[in-house]
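Comments concern the structure below.
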Amino acid sequence: MVNAFRGHSDPMCRPCELTVNCRQLQEKSSSQLLAKQFSETHAEEELDDLIDKISQGGRVGTDLEIRFFTDEEDFPQAFDSLVRDAIVELLQLERLNGDINSQRLWEAFDRLHGFTGDLSEMRLDALEVITPYRGGYYGSDVLNRRLQEQLRGRLLSGPRSQVFGKSSGRRHVSPDKVLQVKNRRVNANERLAWDGRHNIDFFVAKGELGRVMKVGKRKLLKDGKWQEEKVMWVRFETEPSITITVDSEWAESYLDLGYAMTVHKAQGSDFGGVILVLPREDRQRLVSQELLYTAFTRARKRLYILLQGAPADLRALLFGLWPGSSEYLRRNTSLYGLRVAIPDLDDFRPGEKIHRTIREELVRSKSEALIANLLAQYNVRYYYERPLVAPDGTIRLPDFTVPVETSYGPSELYWEHLGMLEDPQYAWWWDRRRSWYEKHGFTDRLIVTDERGGFDSKKIEQVITERILK
């Protein structure tokens, strides 16, 4: 929709666009730079350095932390360790007591969220765990239960604890963190919203976080008889002075635990710290370019990414850079003009612009499309922007990777086409990229072409015949 209005002939119909990031507090935010790579404004020269830093793991800049896990076996330990470290760092950023007893994690968690003071100090958005999935060992359902057990386990199993919910299902205890999952409007006569003096009309929006204040019983008049009903009283972040009475119907249909949530539910919200769990599950296609952009832009102060992989294996992250993961490009739409979804999008990797080759691939530039077409005409097999991993785990995305047979056996050639060498920033980026090829011994397999003097098809054909088909 924005693109449709952006080029409108009437200036009054062009959209106003937010160009300054107001969520991240740092002037040079690494998480903001990461998110930029999953948008239309990303720059290839920024991507190289960023991937290098991410591939090493650990701290990237001041606000981004990368950690890895291998599989279901080591995930719990990696997750628990990251949660503890995130709480400590966020407490220090808030200038609160950063001391933490690993056996009493709830004390630090409650201190970070302001549960130990009065209601005006409650910070339900201090830390949130988000994940693309709801199911699986990496999904929000399991993570919520795991965090609840670590933080409230002693209360859930205590002989004198007041627990709300069935033992076979979801249970709540004070001071659980909860999430409203559907919009709910209540009328004063339902006696569910109390402002301290009166029952009031009230609206709780989908996505609001709340805190369980107390679990107990209330008396209701049913069929002329007074009956007791177990309920819990919750206060939500937007109106902490209003107490909501949550009965079993509300809890089962409108409420979830709020320690972890899906990226989808996190849309429109932001948090002081965000732990993003990013698995690599090839058979599940929920992770899209747009979803990752949303995930990377939820944190105001710190973003922690728990990535399935290893320093030399960033597939869980790199998949989102391929526009084959874009949900937008998969959609048919007639909104503000007809646009048909691109078929077989899984094979395409467009960047800022989309140019179709004769093999029905999508590439970044017209020059790359011309090179791809010439390779196809000569029946040369190639891969577009396939990750090339160096021995130290750093990664580059050559424009084209061409498998070849040599006297020593199968090998590969890496083709880089330079379209803007007259731009000093671009030239600087290429010097650094060329140094990377030299450092890791790829120079003898590197093909470099440029457009000084214009794009020369004859020159490209000569490269194909002399370097590839010889």
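If you're wondering where the values come from, they're calculated on a predicted model, not measured in any experiment.
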For Ile305 and Ile275, run side-chain contact (heavy atoms from CB on, under 4.5 Å): C-alpha distance rounded to whole Å, both residues' side-chain angles, the deciding distance at 0.1 Å, then the answer.
CA-CA 6 Å; Ile305 301 179; Ile275 296 175; over 6 Å; no
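- With a 4.5 Å cut-off on side-chain heavy atoms, Asp80 and Gln150 count as touching.
- Within the 4.5 Å cutoff, side-chain heavy atoms of Glu416 are placed close to those of Arg433.
- Side-chain contact annotation: Glu451 with Ser367, donor-acceptor N/O pair under 3.5 Å present.
- If you run side chain to side chain contact (heavy atoms under 4.5 Å, CB included) between Met261 and each of Thr131, Leu143, Leu179, only Leu179 comes through.
- Annotation: the span from Arg134 atom CZ to Asn144 atom CG amounts to 9.0 Å, rounded to 0.5 Å.
- Partners of His440 according to the ring-ring contact (aromatic ring centres under 6.0 Å, His included) rule, which considers only residues two or more places apart in sequence or in another chain, are Trp436.
- Two residues are said to be in side-chain contact when any heavy atoms from C-beta on lie closer than 4.5 Å; Tyr414 and Asp399 fail this criterion.
- Ring pair His113/Tyr259: centre-to-centre distance not below 6.0 Å.
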Start with the C-alpha gap between Leu127 and Phe271, add the side-chain angles, then the distance that decides, and say whether side-chain contact (heavy atoms from CB on, under 4.5 Å) holds.
CA-CA 6 Å; Leu127 172 65; Phe271 311 93; over 6 Å; no
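- For Glu368 and Tyr384, the side-chain atoms include at least one donor-acceptor pair closer than 3.5 Å.
- Within the 4.5 Å cutoff, the side chain of Lys182 has no heavy atoms near those of the Lys206 side chain.
- Once rounded to the nearest 0.5 Å, the distance linking NZ of Lys366 with CZ of Phe455 reads 12.5 Å.
- In terms of heavy atoms, Ser30 sits closest to Leu64 at CB-CB, 3.8 Å.
- Between Leu105 and Val83, the shortest heavy-atom contact is CD2-CG1, 4.3 Å.
- Salt-bridge annotation for Arg111 and Asp99: absent, with no side-chain N of the basic residue lying under 4.0 Å from a carboxylate O of the acidic one.
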Run Val234 and Val178 through side-chain contact (heavy atoms from CB on, under 4.5 Å) and show every step you take.
CA-CA 9 Å; Val234 176; Val178 292; 4.0 Å; yes
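- Under 4.0 Å is where a charged nitrogen must lie from a carboxylate oxygen, and between Glu94 and Lys301 at least one such pair does.
- Remark: the Tyr138 side chain and the Glu72 side chain contain no N/O donor-acceptor pair separated by less than 3.5 Å.
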Run Leu257 and Lys177 through side-chain contact (heavy atoms from CB on, under 4.5 Å) and show every step you take.
CA-CA 6 Å; Leu257 289 169; Lys177 185 175 174 181; over 6 Å; no
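- Looking at Tyr293 and Ser288, their side chains never come closer than 4.5 Å, going by heavy atoms from C-beta outward.
- In this structure, CD1 in Ile460 is found 4.0 Å from OG1 in Thr449, a value given to the nearest 0.5 Å.
- Of all heavy-atom pairs spanning Leu375 and Phe400, the tightest one is CD1-CD2, 4.1 Å.
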Given Phe69 and Phe79, is the ring-ring contact (aromatic ring centres under 6.0 Å, His included) satisfied, shown in steps?
CA-CA 8 Å; Phe69 72 96; Phe79 177 74; 9.6 Å; no
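- With a 4.5 Å cut-off on side-chain heavy atoms, Leu397 and Arg386 do not count as touching.
- Side-chain atoms of Gln267 and Thr294 include no donor-acceptor pair closer than 3.5 Å.
- Side-chain atoms of Ser31 and Asp63 form a donor-acceptor pair, as typed in the model, at a separation below 3.5 Å.
- How far CD of Gln37 is from CG of Leu317: 10.0 Å, rounded to the nearest 0.5 Å.
- Classification of the Tyr437-Phe442 ring pair by plane angle, with boundaries at 30° and 60°, yields perpendicular.
- Side-chain contact between Val380 and Ile464 is present, with heavy atoms from C-beta onward closer than 4.5 Å.
- For Arg467, there are no side chain to side chain donor-acceptor pair (under 3.5 Å) partners two or more places apart in sequence or in a different chain.
- Inter-residue side-chain proximity for Arg432 and Arg434 is flagged as unmet; no heavy-atom pair is nearer than 4.5 Å.
- Applying the 6.0 Å contact sphere to CD of Glu73 captures no more than 12 heavy atoms from other residues, nucleotides or ligands.
- Side-chain rings of Trp106 and Phe109 stay apart, their centers remaining 6.0 Å or farther from each other.
- Taking a cutoff of 4.0 Å between a charged side-chain nitrogen and a carboxylate oxygen, Lys458 and Asp456 do not qualify as a salt bridge.
- Side-chain atoms of Tyr383 and Glu412 form no donor-acceptor pair, as typed in the model, at a separation below 3.5 Å.
- Across all non-hydrogen atoms, the minimal contact from Tyr133 to Pro279 is CE1-CG, 3.3 Å.
- Put simply, the side chain of Thr394 never gets that close to the backbone of Ala390: no donor and acceptor are under 3.5 Å apart.
- At a cut-off of 3.5 Å, with distance as the only test, a side-chain donor of Asp176 or Gln148 sits close to an acceptor on the other residue.
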